[in-house]
Each structure stands twice: as C-alpha cells, then as structure tokens.
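Below is one structure, written out as structure tokens, with a few remarks after it.
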Amino acid sequence: MSFNCRFAPSPTGPLHIGGVRTALFNWLLARKNNGKFFLRIEDTDKERSKEDFKLQIINSLKWLNIDYDGNEYIQSKNISKHVAAAEELVKKGFAYKCYCSEDEINEQKEKCKKQGIPYVYNRKWRDPKDLKIPKDLKPVIRFKSKISGNTIIKDLVQGERNISNSTIEDFIILRKDMTPTYQLSATVDDHEMKITHVIRGDDHMINSFKQKQIYEAMKWSVPNFAHIPLIHSEKGKKLSKRDNASTINDYIKIGIIPEALRNYLLRLGWSYKDKEIFSLKESIDLFNFEGIGKSPSKLDMSRILSMNETYIKSMNEKDLFKKLIEFSQEFKTKIDESKENIVFKALNFLKNKAKTLEDIYNNSLYIISDNLKISNDDKSLIDKKSQEIISNFITDYEKLSDLNKENLEQIIKNLINKHKTNFKGVGQPLRIGLIGTKFGPGIYDIILSLNKTTVINRLKKIV
RNA sequence: GGUCCCAUCGUCUAUCGGUUAGGACACAUGGUUUUCAUCCAUGAAAGAGGGGUUCGAUUCCCCUUGGGACCGCCA
C-alpha cells in the first residue's frame, strides 16, 4: 500500500510551531511507511501570500531537517485544473452559479443575527427556474452540498466522525473572479498528487466533510484523513502568529537546537509508553497514529528548555561547537577565530551550565570579550583583604611553570591558610576579577581555560 | 447562538475493567560541590461533578460542568 502525504501551509504568515508539528508528523509517517512527503504551498490568496513567508516556511523545515520529496508544489500554478474541476462539477450538476450579490448575502447574515438564528446560505440559486439572471453581476460557483443524510469520516486519529449534511452549506468553490477557493484547490491538488493520507490540524475537520463530497462527486477515491489535535498557547487558545515564541525563529534565536525541538514536538500530543527521548531513527520507527492523543496540548517553554539542555549535554562537542559558532554569527557577535580554540576546550564545562546556545555564549563571554565589565555591586566585594589575596595569588601563579589543577589547588589552599579564610574568600574575588561576575564556571576551569597573560592582566586590574 | 470535539498531578503524558494511579518537566526540601549550575536523594501534586452498567470502574454509557475548534468570495 502506498503512503503519500503532504504539508500544505499558506504563505500568508510565518510558519508557527503548530504547523511545524503537523509537518513533522506527516514526515515521520511518510518515512516510516516508505512513502512520500510533499510540501505544497497554498498561495491562492494573492493578496496575502508573500514570497518571504514561503522562504521562511522552507527554511523552517530545512532547519528541522524535514526534507520533502521533489520540489515544493506551488498551488497557484495549478489553478487552471481547479477551474476545470469546477466546470466539470457544474456540468455534472454538482455545482451551480449563484448570482447573489455580497450585499444580499450580508443582508441575510444581518437578518439572521437579529433573529438569533445561525446563518446558512439559503440555496437561492440552487434551483434557479423562477429567477432572472442579473446582467451586471458575475456569479460565484457553489457546490451543491447534500441536503439530507449524514457524512461519516473514519478519522485515523479521531475515530469515526459523523455530521448531518444539513449543517454544511452550499460552499463557494469558484469566486466571482473565477479563481478557486481553498476547498476546491486543496481537493483537486490532493487528488492530482495522489495523496493517500491527509494529515492536518483538527481545525480542518469540517473541511474534510466538505471535501469528501467533492471527491465523491468527481468519483475520485477519498483519501484517509487524520486530524491531529491543535497546540494551544499558554492561554489555552489555538496558537496564533501573535503568540510570542510561536515561530521557529523565536526558538532559533535563543539557541534551541533542532534535534531538541523535534523531540519536544514529537512528544507533544503523542507518546510511546514512558519514553521521553527519541533519536531520529526511533522517532521514525516508533511514531504511529495510535499514540496520538485527542485533546489539544499546551506549549510549555520550560520543557522545551529542558529538552534542549538534555540534547546539549549529550551531543557531540564538535557538533555543538559548530552550532555555537553559527549561533554567534547569526544572533550575537561572531566568536573571533583566535578565541575559537579556547571556547571549544571550555565547552566541556560550559555546556553543563546551559539550557541553550545563548547560555553557552553568555557563559563564554569571559573568553570571547576582551574588556570585562564588572558591576559596582561585584566591585564592592573586592575589599583590601581580597586585593591582598589576589596579589599573593598573582605572585604564586606567575611562578608556576606547570599549569594544572593540582598546582592551582595547592596555591589556593596555601592562600586560604595564610589569610585565615575559606574557599569563597579566595575564589570569589578571583572569579570576579577573571570573568566579571561572581557566578560562573568553576574557578579552576576558568583559570585553566585562559592563557597566563590574560589571567595576570585581568587580576592586576583590580588590585 | 448553531455544529462538532475534548476532559488523569501546574504542564506533557502512561494505564487499553482489578495498579499503593506510573514516568517526564516544573516546584519544594536535603546532600555533593567552589559561587551559579550540574549531579544525587526525597517530597508535595491528578482521575471535574452526578447518575447508571458491572462482583469491580480513571477506563464502558448518559447527563451536568468546564475547555476547545469551526461557522469567509482566508487557508
């Protein structure tokens, strides 16, 4: 059995994380079933579709390593086929021209609103025998939706869904300017592309009932449908482009890595036993319709961060370093090549204090940046005694021929004894002097990661 | 308002009639540590309510409540 699916976003805004998850689910299933995964750009809304958004969508998928088969399929290039299908539906008696003006429709809507009854198009032109065709109006084409009976969809996620046909109005498939609407275009394209599985957000459920009628009217085989529950914002509503941290870029710019986001998204609305961490291969092997839940799930930033932390800690340091360099280049000041080696070596302790690439970057600023800024609060912690300790340290440190942790430990131990203090009494002023803040990596890690002259110069500045 | 849907810790979820209702994140406490972290240990934390069905319901059915989606010549 073949398995063809697609992700079909409209380029009318940046792709948000809900769309990304829909794409991921489609892609996973296609790869698991040795099927095809296509990307279709639904750009039939000429007013709002933008090339930039199309590129953003493509780049978002690329960033997540979701690859699609063939080139992206541009829906607007196929409009003539959509129109032809509409004409065929009219010819076969499954669709008709409607000459209601927009004013007339709006009037009806108003009327319904006043009476408190739901508006449904009154099917005025479905049977036009007593009507005069107005000369000055261009018609729309409406689909002759079934009036009686029920339509059933055996949804792969939601189970059997049943709706009374009377609740579906005669929806428009061709606008008065002869351009196709979503219902028509999507159906024709899915048929043309031989899509076997339509996997999309639950907000499309009603559309599937409409589209199923088009398939049947055209005598096309109806694909399988799977409506996955939506992702809600922290406020519990459907995610919208206005919600902050909802586009991929919002995550890239704080240093979330794609593997972590993929794993997070995978587990949002889907589960496999108690398993939390899935390699790419495991995701493909294990992902299935059965594990997809029915209720919407909320976005949880702390979990994304935690997942990212897990991946940062476990990932190959060379790969991590590469990502860090790219991150610095794109969102910060690029790490200077002369510092790259030092940062790379420091990665083994830096990564343990980080949830994001941004955290690593910030924690490595003491290496990257040549002039440290010390806050007044921290400066005030360096008193006379501390300065004396640091001076002593400099002297001992300068004499050191062999730099290693044991030697440093010895120096600091001696200083603690000599000045009758504790580790903090020595470590804190050193840390402030070397990295500009009292929080940071272990003091030995700091000292050993910097070269000798840097250590001495920085410390001399505060004594 | 109409149609459809959903309902287990704060969050993501496990359980497919019999469990001390499990895990993860977050949270709290304690320990390790050299600060912040990490790490380790421990803890608190859930079946919305009411009816059935059944020897037995979180699980099956109904109602209520709560939440959501859709109701465009947008997609």
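Below, chain A is the first sequence line, B the second, and so on; all start at residue 1. Just so it is clear, the values below take in all heavy atoms, side chains as well, and ignore hydrogens, waters and symmetry mates.
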So which protein nitrogen or oxygen atoms get under 3.5 Å of nucleotides 70-73 of chain B's nitrogens or oxygens?
from, atom 1, to, atom 2, distance (Å)
B:C70, OP1, A:Lys238, NZ, 2.4
B:C73, O3', A:Arg175, NE, 3.2
B:C73, O2, A:Lys176, N, 3.2

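- Distance from the side chain of A:Leu268 is smallest for B:C12 among the nucleotides B:C12, B:A75, B:C5.
- For the P atoms, the distance from B:A48 to B:A21 is 15 Å, rounded to whole Å.
- Separating the CZ atom of A:Phe225 from the P atom of B:A69 is a distance of 22 Å, rounded to the nearest angstrom.
- Among pairs with a residue in residues 425-438 of chain A, none fulfils salt bridge (Lys or Arg N to Asp or Glu O under 4.0 Å), at least two apart in sequence or across chains.
- B:C63 and B:C71: their C1' atoms are spaced 26 Å apart (whole Å).
- For A:Trp125 and A:Tyr96, the ring centers sit 6.0 Å or farther from each other.
- Within 4.0 Å (heavy atoms only), A:Lys275 reaches no atom of the nucleic acid at all.
- A:Gly201 comes within contact range of no nucleotide atom at all, as no heavy-atom separation falls under 4.0 Å.
- A salt bridge does not link A:Arg6 with A:Asp189: none of the charged nitrogens is closer than 4.0 Å to a carboxylate oxygen.
- Within 4.0 Å (heavy atoms only), A:Thr44 reaches sugar-phosphate atoms of the nucleic acid but no base atom.
- Only one option out of A:Phe225, A:Phe209, A:Tyr182 pairs with A:His204 in a ring-ring contact (aromatic ring centres under 6.0 Å, His included); it is A:Tyr182.
- A salt bridge between A:Arg126 and A:Asp170 is present, with a side-chain N of the basic residue lying under 4.0 Å from a carboxylate O of the acidic one.
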Exercise. Report, as a single string ordered 5' to 3', how protein heavy atoms within less than 4.0 Å touch nucleotides 23-39 of chain B: B base, S sugar-phosphate only, - not at all.
Key: BBSS-------BBBBS-

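- Between A:Lys235 and A:Phe209, the one whose closest nucleotide on RNA chain B sits nearer the 5' end is A:Phe209.
- Side-chain proximity of A:Lys294 to the nucleotides B:C6, B:A75, B:A14 is greatest for B:C6.
- Taking the P atoms as reference points, B:A24 lies 11 Å from B:U42, given to the whole Å.
- Here the side chain of A:Pro296 is nearest to one of B:C4, B:C6, B:A75, namely B:C6.
- A salt bridge is defined here as a Lys NZ or Arg NE, NH1 or NH2 lying under 4.0 Å from an Asp or Glu carboxylate O, and A:Lys81 with A:Glu88 fails to meet this definition.
- Rounded to a whole Å, the CD1 atom of A:Ile74 is 15 Å from the C1' atom of B:A75.
- Atom CD1 of A:Ile153 is separated from atom C1' of B:U3 by 14 Å (rounded to the nearest Å).
- Less than 6.0 angstrom separates the ring centroid of A:Phe287 from the ring centroid of A:Trp270.
- Where A:Ser10 and A:Arg21 meet RNA chain B, the nucleotide closest to each residue was compared, and A:Arg21 sits on the side nearer the 5' end.
- One P atom belongs to B:C73, the other to B:C27, and the distance between them is 48 Å to the nearest Å.
- Remark: P of B:C12 and CG of A:Asn263 are 17 Å apart, rounded to the nearest angstrom.
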Practice problem: I would like to know whether A:Phe171 and A:Phe143 meet ring-ring contact (aromatic ring centres under 6.0 Å, His included); could you show each step before the answer? | Solution: CA-CA 6 Å; A:Phe171 52 93; A:Phe143 183 81; 5.3 Å; yes

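- Rounded to whole Å, the distance from NZ on A:Lys237 to P on B:C5 is 20 Å.
- For A:Thr12, no side-chain nitrogen or oxygen approaches OP1 or OP2 of B:A75 to under 4.0 Å.
- Between A:Glu216 and A:Lys146 there is a salt bridge, with a side-chain nitrogen of the basic residue lying less than 4.0 Å from a carboxylate oxygen of the acidic one.
- Taking atom C1' in both B:U58 and B:G49, one finds a spacing of 14 Å when rounded to whole Å.
- On the C1' atoms, B:A46 is 5 Å away from B:U8, given to the nearest whole Å.
- Put simply, NZ on A:Lys111 is 18 Å from C1' on B:G1, counting in whole angstrom units.
- Residues A:Val426 and A:Ile390 form no side-chain contact, since every pair of their non-hydrogen atoms from C-beta on lies 4.5 Å or further apart.
- Look at B:U29: its Watson-Crick or wobble partner, with both distances under 3.5 angstrom, is B:A41.
- Between A:Lys111 and A:Glu107, none of the side-chain N atoms (NZ, or NE/NH1/NH2) sits under 4.0 Å from a carboxylate O, so this pair counts as no salt bridge.
- Across B:A44 and B:G30, the matching P atoms stand 16 Å from one another, rounded to whole Å.
- Using Watson-Crick or G-U wobble geometry with both donor-acceptor distances under 3.5 Å, B:G1 finds its partner in B:C71.
- For B:C60, the paired nucleotide is B:G52, the pair qualifying as Watson-Crick or G-U wobble because both relevant distances are below 3.5 Å.
- Separating the C1' atom of B:G22 from that of B:U59 is a span of 16 Å, rounded to the nearest Å.
- Across all strands shown, B:A7 forms a Watson-Crick or G-U wobble pair with B:U65, both key distances being under 3.5 Å.
- Using a cut-off of 4.0 Å between Lys/Arg side-chain N and Asp/Glu carboxylate O, A:Glu42 and A:Arg40 are scored as salt-bridged.
- Atom NE2 of A:His227 and atom C1' of B:C5 are 12 Å apart (whole Å).
- One atom, CH2 of A:Trp270, and another, P of B:C12, lie 17 Å apart when rounded to the nearest Å.
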